[in-house]
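Scroll down for the structure; my scribbles are underneath it.
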Amino acid sequence: MNQARRKGSEPLLVMTGCVVNNHREELEASGKATYVVPNEQKSHIYELIDAHYKGEILPAGSGRDVFGFATASQTLRTRAMLKVQDGCDNFCTFCIIPKVRGRAISRPLPEIIDNALQLLDAGYKELVITGVNIGRYDWEGKRFEHLLNALLELPGDYRVRISSIEPDGFGEGFYELFRHPKLTPHLHLCLQSGSDRVLLKMRRMYTVAEFRQTAQQLRSVVPDFNLTTDIMVGFPGESEEDHLETLKVMREMNFSHVHTFRYSIRKGTRAERMEEQVPEKVKIERSEEVRALAEELKRAYRASFIGRPQRVLTESIGKGYASGFGEYYIPFRLSGHFESNQFVDATPHKLESKADPRLIG
Ligand code: SF4
């Protein structure tokens, strides 16, 4: 934004997300954003920008349009986000989402299938299933497994990836679906902490043992199943022992990527009122330890794919190379001449030496 201003252009800044639902008046009053769009109206953003540059001023949408998808399909060239659900009924003590996004609602299955068919027809080769708590999908008795199954049976050469998911409520049939060649063996399964004591205070819906069992079931179907996760460091009352438990569980789960963040107070949550807030200095030290271990695990996991053929979906193309992701959702850089949005069979021969290393093939 500042860079654009320095270049003399007048940038357009649109703010949306939960923060808008929480602080709309402040954000509007600050005058920093050109438009402040409530979260449930964000599907109107393209329309809004289009109208802005045509010299019209539009109200930022109307009504609760949580499943407006005309815009979502335009955001990436190869991957299309397919939103199937919104809201959450879980009420984790640190989270404001149920308050601002409301209770869980599921999008009708026939509508999702129609939307998926349109996206495949438009040439997208990867459908990414998104929502707030997608594992709790439930439309007229059709659960998440039914939805996945229906999405995997559509005609065409494409793959389906599940985005972030909560580790609770999976039926037996869910695990078996990963035998399907169109379903990528990757889940971002949010652990948050490796200590049952902390999980209980967070009001998470699982124990470490249950999380472990989920991971084992996934890896009994696909041995190298790619598990990534979120770890929250410094939740109120987190002791050094709890933190060490988290590091132990991270290693045991062999996460290939950990999104770590330090707990910070969210106004209006139950954790806001909890005693034993962890000092910032301790949070920084712990998050550094989590980050260092996460880097080690990532490198080892990715290196284990050297010499093993993968099916890469090309995304960005440079001079003599292409970047993309393999089916396990590991980033690749391929040498040669390719087009974007193509499946390419490749065998990586080494790993880059960078902090976020890609496989080289
Ligand atoms: S399950 Fe996720 S969205 Fe729901 S309350 Fe917990 S953290 Fe928030």
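Remember, it's a predicted structure, so these values are computed and weren't measured experimentally. We count ligands from 1, going down the list as the structure has it; atoms in each ligand are counted the same way.
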Tell me who clusters with Leu200, hydrophobic residues only, linked when side chains sit under 4.5 Å apart either directly or through other members.
none
Report the protein N/O/S neighbours of atom 4 (Fe) of ligand 1 that fall below 2.8 Å; do not count waters.
Cys88 SG
Joining Ile, Leu, Val, Met, Phe, Trp and Tyr whenever any side-chain heavy atoms lie under 4.5 Å apart, the cluster holding Phe343 also takes in Leu313
Does Arg204 have a non-hydrogen atom less than 4.0 Å from ligand 1?
yes
Shortest non-hydrogen contact between Ser195 and Asp242, atoms and distance
OG-OD1, 2.8 Å
Looking at Glu238 and Lys283, is there a salt bridge between them, counting it only when a charged N and a carboxylate O are closer than 4.0 Å?
no
For Thr228, side-chain hydrogen bond (donor to acceptor under 3.5 Å, both in side chains) partners two or more places apart
His186, His188
Quick check with a 6.0 Å cut-off and a 45 degree axis cone: is Arg161 positioned over the face of Phe325's six-membered ring?
no
